[in-house]
Number of protein chains: 2
Amino acid sequence: MDLRRLRYFVAVAEERSVGKAAERLRMAQPPLSVQIRKLEAELGTPLFRRGTRGMDLTEAGLALMSRASEALALAAEGVEAARAVAAGRRGRLSVGYMFVLASAVLPQLVPELRRSLPGVDLDFVELSASTREPLLLDRAVGVALCMPAIHHPEIQVAQIGTQTLMLAAPARSPLARMTAVPVDKLQGRPLIALPRPEEEPTSSAVAALLRRHQVVMPIISRVETVHSALGLVLAGEGLSILPACAKLGAPPGIVFRPFLDAADTIEIAACWRRDSSSQLIRTFLKSAEKVVARI
Amino acid sequence: MDLRRLRYFVAVAEERSVGKAAERLRMAQPPLSVQIRKLEAELGTPLFRRGTRGMDLTEAGLALMSRASEALALAAEGVEAARAVAAGRRGRLSVGYMFVLASAVLPQLVPELRRSLPGVDLDFVELSASTREPLLLDRAVGVALCMPAIHHPEIQVAQIGTQTLMLAAPARSPLARMTAVPVDKLQGRPLIALPRPEEEPTSSAVAALLRRHQVVMPIISRVETVHSALGLVLAGEGLSILPACAKLGAPPGIVFRPFLDAADTIEIAACWRRDSSSQLIRTFLKSAEKVVARI
DNA sequence: CCAACCCATACGTTTTCGGTATGTCTCATG
DNA sequence: CATGAGACATACCGAAAACGTATGGGTTGG
């Protein structure tokens, strides 16, 4: 069975005429006539009654017609669906993100993506430093917002923005009165830390900053989320050092201050498998850059 | 879009390997590989990821796959349906019958047809002499049981059996005591007649019989059905002359007697358009002959 | 009786398809 | 590190299928 024959058959059945159908198919009438007869020979039964004024479906032809036109429609739909997926007009995209970005980026990124990728099923997955790489390689996530980027031969990276590390302090703290805080003012003060560097690379950037200035801050507690860290800071338990984007979604009563003598930055990057469908990723990148630029 | 390509695609997707699929399709591996690449070129997007250990559907491929396999199944089903209809294993057959045959033939014919044509939608249509020809020509009925046959260049006829005309009389009538009745004994007796010859050819056979023997029977009433005629005979209104098959389904109290000096017969024939699907008709004929032989 | 219309057939040309031989890449193994 | 196996890709050639043009045959309507 050849789809060409089915298409010809459906055209003739619809036009009730070989000549008309040939015109519609932009071919000459004789070859179409031949194809129809070949189809009939293949099925071992006439599909049309030849009248003097055109062709008319037999019962067998009717039985074939209903299925054939559906099959053609399905095939066309399949082709269209594949093209749509390839073009990023339809499909699935699983977006991973490092949790420090959740409160700052997601509220704006999610609606932006739904706008720029209509017809695409989006889902969002929280990542940690240890899970992000295998999830990307397994295609469990299509693209990941990382801070900082992943380096791996199979993974492609696009820098989307950078974040400065800032001090988060209670508004009533004496440090809050300075517009910029010297790092050594932090000496000995209790630190509310994010998870260990193996899970959360931000923590290693913070550690590097303090080590460079030979400042020691005792870690009074490690928390899982930026929200918890900010809550403890507000409670007066200590200070925290976070990427600037954590400011978004921070409750009143907490101020963020840059450092006077340090401007350590962490890059925000999108990471994806090199062989992933490129169009979806490209659209994602545009949206993500737009959102991150507004932070 | 060519169905061959879709079939190849589905095979490769299912086997997750060009080589395996080629084996299943009984062809060499290289041409299959070429066809897959042509399909990808046609769609403008890769459908597979080529790994070292086989092929793996991309998202676009997945989108195509679900529709393509359905489309193939539908096409195959369409082909099978057309073949089944052609072979008489499935389809529709509208069976027409002259009403005089209804009580005698239908009770046995209907179950016999349902047995011999399983999967065929049967329906039964009552015909009169004036409607049977146009209904056959319009294909509103596929085959008609006629008494007698129709003669028309487009209509084919097969004789199935013959019916002798018999006298139907009340059991208490003096005529009932004879094993065979001379026609001239009917002279002047009231006749319960079926519809006029234009509608019911049996009536013209009856008229011919009487005319040949120069017997006149006043028509005391014309009725539409054999049942009505028998009812009136039983009521003592008069006599009736009917095909022998009317005996079946006649109430007790009515006897059928042959004529001593006449054996007029009417043929029972099946009639159908020459161009109708032959297999259904052939099976119908076998069943009808079997049933009529038992009358 | 002829012109118009429609489908069927014949034949030469072109396109496409399938098979064989071979290349390339990756992985596993000694 | 070399090598061999396994998988897909490429190149080329012969065969088959499809297409177009020209033409035939049957029916309808003027």
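In what follows, every chain begins at residue 1, and chains take the letters A, B, ... in the order their sequences are listed. All heavy atoms count here, side chains included; hydrogens, waters and symmetry mates do not.
- Phosphate proximity of D:dC8 to B:S33: absent, as no side-chain N or O sits under 4.0 Å from OP1 or OP2.
- Atom-to-atom, CG of A:D2 to C1' of D:dA16 comes out at 13 Å; the value is rounded to the nearest Å.
- Between B:K38 and C:dC17 there is a side-chain N or O to OP1 or OP2 distance below 4.0 Å.
- Looking at the side chain of A:R50, the nearest of the listed nucleotides D:dC8, C:dA8, C:dG18 is C:dA8.
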Determine, step by step, whether A:R139 and B:E59 satisfy the salt bridge (Lys or Arg N to Asp or Glu O under 4.0 Å) criterion, reporting the C-alpha distance in whole Å, the side-chain angles of both residues, the deciding distance to 0.1 Å, and the verdict. CA-CA 11 Å; A:R139 301 178 209 283; B:E59 289 280 321; over 6 Å; no
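- B:R49 comes within 4.0 angstrom of nothing in the nucleic acid, heavy atoms only.
- The side-chain contact (heavy atoms from CB on, under 4.5 Å) test with A:W272 singles out one residue from A:I150, A:L93, A:V157, A:L285, and that residue is A:L285.
- Between the CD atom of B:E23 and the P atom of D:dC8 there is a distance of 12 Å, given to the nearest Å.
- Taking the side chain of A:Q35 as heavy atoms from C-beta on, and the options D:dA22, D:dC19, D:dT10, the nearest nucleotide is D:dC19.
- Whole-Å rounding puts the B:L3 CG to C:dT16 P distance at 18 Å.
- Residue-level contact check: B:K20 touches neither bases nor backbone, having no heavy atom under 4.0 Å from any strand.
- With rounding to whole Å, B:D56 atom CG is found 14 Å from D:dA7 atom C1'.
- Rounded to whole Å, atom P of C:dT9 lies 11 Å from atom CD of A:E40.
- B:T131 places no side-chain N or O within donor-acceptor distance of the main-chain N or O of B:L127, the cut-off being under 3.5 Å.
- The nearest whole Å value for the distance from the CE atom in A:M55 to the P atom in D:dT27 is 16 Å.
- Judged purely by distance below 3.5 Å, without hydrogens or angles, the side chains of A:E15 and A:S17 never pair a donor atom with an acceptor atom.
- The side chain of B:Y8 lies closest to C:dG18, out of D:dC19, C:dG18, D:dA9.
- C:dC17 atom P lies 12 Å from atom CG of B:L32, rounded to whole Å.
- Straight-line distance from the CE atom of A:M27 to the C1' atom of D:dT21: 13 Å, rounded to whole Å.
- Candidate nucleotides C:dC17, C:dC7, D:dA9 were compared by shortest atom distance to the side chain of B:R4, and C:dC17 ranks first.
- At a cut-off of 3.5 angstrom, counting only N and O atoms as typed in the model, there is a donor on one side and an acceptor on the other between the side-chain of A:Q29 and the base of C:dA8.
- You'll find that the side chain of A:R37 is closest to C:dT9, out of C:dT9, D:dC8, D:dA9.
- Among the nucleotides D:dG20, C:dC7, C:dG19, the one closest to the side chain of B:P31 is C:dG19.
- Side-chain proximity of A:P30 to C:dC17, C:dT9, D:dT10: nearest is C:dT9.
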Run A:L137 and A:H152 through side chain to side chain contact (heavy atoms under 4.5 Å, CB included) and show every step you take. CA-CA 10 Å; A:L137 292 176; A:H152 185 284; 3.7 Å; yes
